[in-house]
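Everything on this sheet refers to the single structure shown next.
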Amino acid sequence: MLCLDSSDGFSVWQHRVVEFVRERYGDSVRIGAGNVVDARGFNYLAEAGADFVKVGIGGGSICITRDQKGIGRGQATALAEIVPARDAYAEKTGMYVPVCSDGGIIHDSHMAIALAFGADFLMLGRYFARFDESPAPKVRGTGGQVLKEYWGEGSSRARNAARYGQGDMVFEEGVDGYVNYAGALADNVKVTLAKIRSTMISCGSTTLRQFHETAILEPVSQQTFVQNSEEVDRNDRPTVV
Ligand SMILES: NC(=O)C1=CN([C@@H]2O[C@H](COP(=O)(O)OP(=O)(O)OC[C@H]3O[C@@H](n4cnc5c(N)ncnc54)[C@H](O)[C@@H]3O)[C@@H](O)[C@H]2O)C=CC1
Ligand SMILES: O=c1[nH]c(=O)c2[nH+]cn([C@@H]3O[C@H](COP(=O)(O)O)[C@@H](O)[C@H]3O)c2[nH]1
């Protein structure tokens, strides 16, 4: 399984690489391509022979591509255009090219929303960076809190001669930062999956395919955002019986 991993996948280079792998290796090698944010980009890579296409430019937690270059698109807007393009492509060719929603997941509920938008699977950076299994160092914040280091692949920190070998970096597209440490992957993934399953059941679905059909997406006001979270001070004392 190969994945072409670029901030801008709508490129002649990616098209040629996908075609080359498809011609040379047939179906013995699976190859994904991306990232793209519109139907033209999706169709371009699907027609080249991509087995899946990644969606998302500039929405990641460590992303500054939109600030730096003005390139990118809201994740929901991108999915709302690409998912129908995926379905139309499947209808036309008989080839279903799964779509990965990459970046911007802050709360577990955002995973359900991305899937409700029609994504077939998700790519997560910040989420996994918080766990023991992330190879990044665990450090203490100034307030004593436990943190894990996490940085963008477009940051100076990630850039090195072995990977790029193209001399000095002129500007960064990602930041070098920290995320709150959250323990073991297995414990967290268990809870996350339970929430997604619960959301799916609430929408009357037991499979992802059903969820794509049954989920109802609703625009909300700023006031609703405020009401989505608690509005009292949390009681952190032990429960008194
Ligand atoms: N999803 C997003 O919004 C963003 C993601 N990133 C991440 O940062 C990393 C780097 O992304 P980019 O800076 O966009 O990388 P890029 O697409 O510019 O490619 C990385 C390097 O590979 C070279 N390269 C690309 N195609 C090549 C080809 N066909 N043959 C030979 N060399 C080739 C490029 O010249 C560059 O040095 C990736 O992991 C990407 O996912 C970075 C910025 C934004
Ligand atoms: O603008 C960017 N500059 C970067 O340096 C960078 N590094 C990663 N990525 C992308 O962000 C995704 C992870 O996003 P999350 O941390 O929000 O899950 C990743 O999966 C990538 O798509 C970057 N985007």
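All ligand and atom numbering here is 1-based and tracks the order in the structure. Values below: all heavy atoms of this structure, side chains included; hydrogens, waters and symmetry mates excluded.
Heavy atoms of other residues, nucleotides or ligands lying less than 6.0 angstrom from OH of Tyr178 number 12 at most. Crowding of Glu91 atom CD: a count of heavy atoms from other residues, nucleotides or ligands under 6.0 Å not exceeding 12. Counting heavy atoms of neighbouring residues, nucleotides and ligands inside a 6.0 Å radius, atom CZ of Arg209 exceeds 12 of them.
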Table of N or O contacts for ligand 2, cutoff 3.5 Å:
from	atom 1	to	atom 2	distance (Å)
ligand 2	1 (O)	Thr65	OG1	2.7
ligand 2	1 (O)	Glu173	O	3.1
ligand 2	3 (N)	Glu173	O	2.5
ligand 2	5 (O)	Glu153	N	3.1
ligand 2	5 (O)	Gly154	N	2.5
ligand 2	7 (N)	Glu153	N	2.8
ligand 2	16 (O)	Ser61	OG	2.7
ligand 2	16 (O)	Arg126	N	2.8
ligand 2	16 (O)	Tyr150	OH	2.7
ligand 2	17 (O)	Ser61	N	2.8
ligand 2	17 (O)	Gly104	N	2.9
ligand 2	18 (O)	Gly125	N	2.7
ligand 2	18 (O)	Arg126	N	3.4
ligand 2	20 (O)	Asp102	OD1	2.5
ligand 2	20 (O)	Asp102	OD2	3.3
ligand 2	22 (O)	Asp102	OD1	3.3
ligand 2	22 (O)	Asp102	OD2	2.5

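Residue Tyr127 is tested with Asp108, Ile105, Leu122 for a side chain to side chain contact (heavy atoms under 4.5 Å, CB included); the sole match is Asp108. Each of Asp176, Val175, Ile62 was evaluated against Trp151; a single residue qualifies, Asp176, per the side chain to side chain contact (heavy atoms under 4.5 Å, CB included) test. Tested against Ser101 for a side-chain hydrogen bond (donor to acceptor under 3.5 Å, both in side chains), the candidates Gln75, His110, Lys54 yield a single pass: Gln75.
When each atom of ligand 1 is checked for a heavy atom of Gly58 under 4.0 Å away, the hits are 2 (C), 3 (O). Near Ile57, meaning under 4.0 Å from one of its heavy atoms, ligand 1 places the atoms 3 (O). Within the listing of ligand 1, atoms 43 (C) sit less than 4.0 angstrom from a heavy atom of Glu173. Less than 4.0 angstrom separates some heavy atom of Trp13 from each of these atoms of ligand 1: 29 (N). The Gly154 neighbourhood of ligand 1 comprises atoms 8 (O), with distances under 4.0 Å to a heavy atom of that residue. Each of the atoms 1 (N), 2 (C), 3 (O) of ligand 1 lies under 4.0 Å from some heavy atom of Gly56. Residue-ligand proximity, Asn35 to ligand 1, at heavy-atom distances under 4.0 Å covers atoms 1 (N).
Under a hydrophobic-cluster definition in which Ile, Leu, Val, Met, Phe, Trp and Tyr are linked whenever side-chain heavy atoms come within less than 4.5 Å, directly or via other members, Val179 and Leu124 are assigned to different clusters. In the hydrophobic clustering of this structure, Val18 does not group with Tyr44; members are Ile, Leu, Val, Met, Phe, Trp, Tyr whose side-chain heavy atoms approach within less than 4.5 Å, directly or through other members.
Ligand 1 does not have Gly60 within reach: every non-hydrogen atom of the residue lies 4.0 Å or more from it.
Between Ser7 and ligand 1, at least one N/O pair is under 3.5 Å apart.
No side-chain heavy atom of Phe10 sits less than 4.5 Å from a side-chain heavy atom of Leu45.
In this structure, Phe121 and Phe52 have perpendicular ring planes: the angle between them is above 60°, well past the 30° mark.
At a 4.0 Å heavy-atom cut-off, ligand 1 touches Thr65 through the side chain alone.
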Between Ser202 and Thr199, does the side chain to side chain donor-acceptor pair (under 3.5 Å) criterion hold? Intermediate values first, please. CA-CA 5 Å; Ser202 291; Thr199 306; over 6 Å; no

